[in-house]
Amino acid sequence: MDASRVPERLIEEVRNRLRAAADPAHGDGVRRFFTQEDGRTVDAYGVRSSALGPIVQFTYSQIKSWPAAQRNRLCTEFWKSGKLEEGVLVCHTYRRFASQCAKCEFQLFTRWLDLYVDNWAHCDGLASWLLAACIANQPALIGDLFSWTPSKNRWRRRAAAVALLQEAKKGRHTEEILRMAEALRCDPDVMVQKGIGWVLKEAYPKRPDAVVSYLGERASDTPRLVLRYAAEKMTPEDRAAVLQR
């Protein structure tokens with residue numbers, strides 16, 4: 001297969017399936033749900049998660065044997081549409097190639113993040129599955145995330161945290177996770193605060209003492225939103241230690 005060409009026929013077939021599965025009323029609800037502070041919202045077909053799954057499976061069945069370059073070009077075309085469901089489809093399809101994700105893919109996903117991500121659903125799908133897969137295979141890539149924390153792009157800053165979500169769940173790289181928390185916990189953007197709180201919440205079950213000690217020492221100057229998210233899975237005693245200032 002010529003990796004320089006994108007198969008327009010497959011793109012159109014996937015989009016036809018998305019249009020056929022669209023529920024206009026659900027689309028209206030999605031657009032209301034994703035409305036941002038400046039009034040902007042997402043461009044959505046209105047496809048429910050249950051209907052998107054078979055389309056993801058169809059897409060994967062068509063591209064699973066493709067060369068990586070061809071697969072990447074196809075996924076980039078879906079991102080370019082700006083449609084919510086097409087970006088979500090890319091994240092769910094590409095995560096099936098997690099074992100192949102390494103530094104080259106990390107760079108590709110970073111470009112997607114910068115060029116196409118403008119909502120938390122796309123940010124979290126790309127970070128928590130695709131960037132996370134690269135990190136699971138090549139942990140040294142964690143170091144690259146710290147250069148993102150001063151970025152003017154809120155989604156890059158949120159992704160710097162959320163890319164560590166799977167490591168947090170497995171109890172790995174806790175020191176780096178707490179270092180990331182220190183860089184982002186006082187970020188003025190609530191989307192970033194929610195991201196770091198989420199990662200700390202997932203780190204807690206495997207490393208409760210480390211998380212509670214970290215937050216307890218900083219509770220007085222940590223945004224309440226970060227603390228509330230981080231405390232969601234804590235025991236009553238640990239929650240009190242973190243939330244009572």
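Scope of the values below: all heavy atoms of this structure, side chains included, with no hydrogens, waters or symmetry mates. This chain uses plain numbering: 1 for the first residue, then up along the sequence.
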Who pairs with Lys201 by side chain to side chain contact (heavy atoms under 4.5 Å, CB included), at least two apart in sequence or on another chain?
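Lys201 satisfies side chain to side chain contact (heavy atoms under 4.5 Å, CB included) with Trp198, Glu232, Lys233 once adjacent residues are dropped.
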Please, which pairs that meet salt bridge (Lys or Arg N to Asp or Glu O under 4.0 Å) have at least one residue in residues 108-123, sequence neighbours excluded?
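Found Asp114-Arg156.
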Ignoring hydrogens, what is the shortest heavy-atom contact between [X] and [Y]? Give both atom names and the distance.
X	Y	answer
Cys75	Val90	O-CG2, 3.7 Å
Ser128	Gln166	O-NE2, 3.1 Å
Ala102	Cys134	O-SG, 3.4 Å
Ala219	Leu227	O-CD1, 3.8 Å
Asn16	Arg19	OD1-NH2, 2.7 Å
Cys91	Gly125	SG-C, 3.6 Å

Main-chain N/O of [Y] paired to [X] side chain as donor or acceptor, under 3.5 Å:
X	Y	result
Asn137	Ala98	yes
Ser81	Glu77	no
Glu85	Ala44	no

Would one find more than 12 heavy atoms of other residues, nucleotides or ligands at under 6.0 Å from atom CZ of Arg218?
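Yes, enclosed.
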Other residues, nucleotides, ligands: >12 heavy atoms within 6.0 Å of Phe146 CZ:
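Yes, the 6.0 Å shell around CZ holds more than 12 heavy atoms from other groups.
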Do the non-hydrogen side-chain atoms of [X] and [Y] ever get within less than 4.5 Å of each other?
X	Y	result
Lys103	Asp144	yes
Phe109	Val117	no
Ile196	Met180	yes
Tyr94	Glu105	yes
Arg48	Asp23	yes
Leu131	Leu164	no
Trp112	Leu130	yes

To the nearest 0.5 Å, how far apart are [atom1] in [X] and [atom2] in [Y]?
X	Y	atom1	atom2	result
Thr35	Asn119	OG1	CG	11.5 Å
Lys80	Tyr116	NZ	OH	5.0 Å
Trp148	Asn153	CH2	CG	9.5 Å
Arg73	Trp66	CZ	CH2	12.0 Å
His92	Trp129	NE2	CH2	8.5 Å
Trp155	Met191	CH2	CE	4.0 Å

I'd like to know whether Val47 forms a side chain to side chain contact (heavy atoms under 4.5 Å, CB included) with Val88, so could you lay out the CA-CA distance, the side-chain angles of the two residues, the decisive distance to 0.1 Å, and finally the verdict.
CA-CA 11 Å; Val47 180; Val88 173; over 6 Å; no
Using distance alone, with no hydrogens and no angle criterion, decide if Arg185 and Thr222 have a side-chain donor and acceptor under 3.5 Å apart.
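Yes, side-chain donor-acceptor contact under 3.5 Å.
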Any luck finding a side-chain donor-acceptor pair between Glu182 and Tyr214 under 3.5 Å?
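Yes, a side-chain donor-acceptor pair sits under 3.5 Å.
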For side chain to side chain contact (heavy atoms under 4.5 Å, CB included), just list the numbers for Tyr45 and Val30, CA-CA rounded to whole Å, side-chain angles, deciding distance to a tenth of an Å, and then say yes or no.
CA-CA 9 Å; Tyr45 290 102; Val30 167; over 6 Å; no
Would Arg207 and Glu175 count as a side chain to side chain contact (heavy atoms under 4.5 Å, CB included) if you check the C-alpha gap in whole Å, the side-chain angles of each, and the deciding distance to 0.1 Å?
CA-CA 10 Å; Arg207 298 293 303 276; Glu175 292 73 18; 4.0 Å; yes
Any ion pair linking Arg9 and Glu13 (charged N to carboxylate O, less than 4.0 Å)?
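Between Arg9 and Glu13 there is no salt bridge, as every charged N stays at least 4.0 Å from the carboxylate O atoms.
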If you measure from the Lys or Arg side-chain nitrogens to the Asp or Glu carboxylate oxygens, is any gap between Lys206 and Glu167 under 4.0 Å?
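Salt bridge between Lys206 and Glu167, a charged N being under 4.0 Å from a carboxylate O: no.
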Do Trp120 and Phe34 have their ring centres less than 6.0 Å from each other?
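Yes, close enough.
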Just one of Arg158, Lys194, Arg157, Arg154 clears the salt bridge (charged side-chain N to carboxylate O under 4.0 Å, His left out) bar with Asp187, so which one?
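Of the listed options, the one satisfying the test is Arg157.
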Identify the residue among Leu215, Leu200, Leu243 that makes a side chain to side chain contact (heavy atoms under 4.5 Å, CB included) with Met234.
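Among Leu215, Leu200, Leu243, the one that satisfies the side chain to side chain contact (heavy atoms under 4.5 Å, CB included) with Met234 is Leu215.
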Take His122 and Trp79 through the ring-ring contact (aromatic ring centres under 6.0 Å, His included) test and state the conclusion after the steps.
CA-CA 10 Å; His122 283 166; Trp79 277 116; 5.0 Å; yes
Would you mind writing out the side-chain donor-acceptor pairs for residues 53-65 within the sub-3.5 Å range, not counting sequence neighbours?
residue	atom	partner	partner atom	Å
Gln57	OE1	Arg96	NH1	2.5
Thr59	OG1	Ile55	O	2.8
Ser61	OG	Phe58	O	2.6

